[in-house]
There are 2 protein chains.
Amino acid sequence: MKNSQLYKGSLNTIIMKLLEEQHRMYGYEITQKVKEITKGELNITEGALYPALHKLEAEGLLDVEVEKVDNRLRKYYKLTEKGTTETVNRLAELEEFIKNMQTIVNPKLSY
Amino acid sequence: MKNSQLYKGSLNTIIMKLLEEQHRMYGYEITQKVKEITKGELNITEGALYPALHKLEAEGLLDVEVEKVDNRLRKYYKLTEKGTTETVNRLAELEEFIKNMQTIVNPKLSY
DNA sequence: CTATTATGCATAAGAAAATTATGTATATAT
DNA sequence: ATATATACATAATTTTCTTATGCATAATAG
């Protein structure tokens with residue numbers, strides 16, 4: 001992941017949220033999707049993405065299906081049942097995190 | 001910093017924002033303030049805080065003044081001029097980050 | 001009166017998560 | 001023919017944090 005180092009620690013949550021929404025995606029597609037929805041502000045690096053996907057798979061949160069499209073390899077990932085449950089938790093944590101950060105940035109709005 | 005690892009990378013920004021607001025604070029005070037405004041959800045560990053303060057000082061973003069209060073040592077930190085300028089940038093980055101994360105969590109709201 | 005908790009600093013060892021730099025391979029556009 | 005896009009992967013290093021200590025004084029509880 002690139003840019004303002006604030007994104008450190010949020011990659012797994014981003015991956016899981018996108019997979020919840022899109023049902024299945026492959027690695028490169030994830031990088032492009034994130035770039036698109038953040039208008040180019042967040043570029044996930046391959047060195048961060050692929051190890052993250054492998055780890056989530058090893059933890060039983062993702063399943064993988066390999067397919068060949070246009071003679072190129074694609075590894076489609078989707079959430080397992082366990083992964084779907086865990087995504088709910090992660091998103092709740094993310095919303096709490098965002099709320100807390102907003103309170104810190106703009107304390108007056110929290111009254 | 002404890003909890004959901006989403007906070008990774010946000011400690012420096014938190015410190016700088018609080019110092020911008022409070023003018024000067026000492027380490028322990030920062031941990032208590034953060035605990036207070038996040039209602040106990042975010043606990044900054046000493047092992048993260050003190051090295052972070054030292055690094056910000058080494059980078060010329062913070063100045064330190066040592067004082068003895070009630071026979072106990074306190075190191076008061078405040079933003080340097082450079083630190084104040086940098087804080088503006090960091091907060092802008094934080095707001096962008098929050099906005100991007102919200103778009104990822106709730107893509108429908110972004111239209 | 002003594003032991004725990006709170007205040008206040010610090011650092012070292014290790015883990016986690018990223019960046020940076022490669023490497024392989026095919027397809028498309030210049 | 002060469003660069004860019006697509007698509008995966010991993011190794012070395014760096015950054016950032018947790019965990020575990022360590023020291024010292026003050027206040028509170030048993």
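Proteins come first, then strands; the chains are lettered A, B, ... in the order of their sequence lines, and each starts at number 1. Treat the numbers as computed from the prediction; the structure is a model and nothing was measured.
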Distance in angstrom units between B:Leu49 CG and D:dC17 C1', rounded:
12 Å
I need the minimum non-hydrogen distance between A:Ala48 and A:Pro51, along with the two atoms involved.
O-CD, 3.7 Å
Cationic N near anionic O, under 4.0 Å, B:Lys17 to B:Glu20
yes
Within this structure, what is the CG-to-C1' distance between A:Leu6 and C:dA18, rounded to whole angstrom?
13 Å
Roughly how many Å is it from CD1 in B:Ile15 to C1' in D:dC17, rounded to a whole number?
12 Å
A:Glu29: which residues meet the salt bridge (Lys or Arg N to Asp or Glu O under 4.0 Å) condition with it, sequence neighbours left out?
none
Sequence neighbours excluded, the answer for salt bridge (Lys or Arg N to Asp or Glu O under 4.0 Å) partners of B:Lys82 is none
Is the backbone of B:Leu6 close enough, under 3.5 Å, to the side chain of B:Ser10 for a donor and an acceptor to pair up by distance?
no
Could you measure the distance from the CG atom of A:Leu42 to the NZ atom of A:Lys35? Nearest 0.5 Å is fine.
10.0 Å
Tell me every residue that passes side-chain contact (heavy atoms from CB on, under 4.5 Å) with A:Lys99, counting only those two or more places apart in sequence or in another chain.
A:Glu96
Mind calculating the distance between CG (B:Leu11) and P (C:dA16) to the nearest angstrom?
20 Å
Using a strict 4.0 Å threshold on nitrogen-to-oxygen distance, state whether A:Glu65 and A:Arg74 make a salt bridge.
no
Taking only side-chain nitrogens and oxygens of B:Tyr26, does any of them come within less than 4.0 Å of OP1 or OP2 of C:dG8?
yes
Specify the separation, in whole Å, of atom CG of B:Asn43 and atom P of D:dC17.
15 Å
Hey, what are the protein-to-nucleotides 2-5 of chain C N/O distances that come in under 3.5 Å?
none

Taking CD1 from A:Ile44 and P from D:dC8, how many angstroms apart are they, rounded to a whole number?
13 Å
Could you list the residues that satisfy salt bridge (Lys or Arg N to Asp or Glu O under 4.0 Å) with B:Lys55, not counting sequence neighbours?
B:Glu59
Can you sort out the partners of A:Glu67 under salt bridge (Lys or Arg N to Asp or Glu O under 4.0 Å), two or more places apart, ordered by chain and number?
A:Arg24
I'd like to check the side-chain contact (heavy atoms from CB on, under 4.5 Å) partners of B:Val64; sequence neighbours left out, ordered by chain and number.
B:Glu57, B:Lys75, B:Tyr77
Ignoring backbone atoms, test whether A:Lys55 places a side-chain nitrogen or oxygen under 4.0 Å from the OP1 or OP2 oxygen of C:dA17.
yes
Nucleotides 10-12 of chain C: which of its N/O atoms have a protein N/O under 3.5 Å away?
from: C:dA10; atom 1: OP1; to: B:His54; atom 2: NE2; distance (Å): 3.4
from: C:dA10; atom 1: OP1; to: B:Lys75; atom 2: NZ; distance (Å): 2.5
from: C:dA10; atom 1: OP2; to: B:His54; atom 2: NE2; distance (Å): 3.0
from: C:dT11; atom 1: OP2; to: B:His54; atom 2: ND1; distance (Å): 3.4

Would you mind reading off the distance between A:Gln32 atom CD and D:dC8 atom P, rounded to a whole angstrom?
11 Å
Enumerate all atom pairs, one protein N or O and one N or O from nucleotides 26-30 of chain C, separated by less than 3.5 Å.
from: C:dT26; atom 1: O3'; to: A:Asn71; atom 2: ND2; distance (Å): 3.3
from: C:dT26; atom 1: O2; to: A:Arg72; atom 2: NE; distance (Å): 3.3
from: C:dA27; atom 1: OP1; to: A:Asn71; atom 2: ND2; distance (Å): 3.3
from: C:dA27; atom 1: O4'; to: A:Arg72; atom 2: NH2; distance (Å): 2.9

Between A:Gln5 and D:dT15, is there a side-chain N or O to OP1/OP2 distance below 4.0 Å?
no
Less than 3.5 Å apart, any donor N or O on the side chain of B:Asp63 or B:Tyr76 sitting next to an acceptor on the other?
no
Looking at residues 56-69 of chain A, who's got a heavy atom less than 4.0 Å off DNA chain C?
none
Whole Å only: how far is the NZ atom of B:Lys8 from the C1' atom of D:dT14?
12 Å
For A:Glu95, what residues pass the side-chain contact (heavy atoms from CB on, under 4.5 Å) criterion, not counting sequence neighbours?
B:Val105
Listed partners of B:Gln22 passing side-chain contact (heavy atoms from CB on, under 4.5 Å), at least two apart
B:Met25, B:Lys33
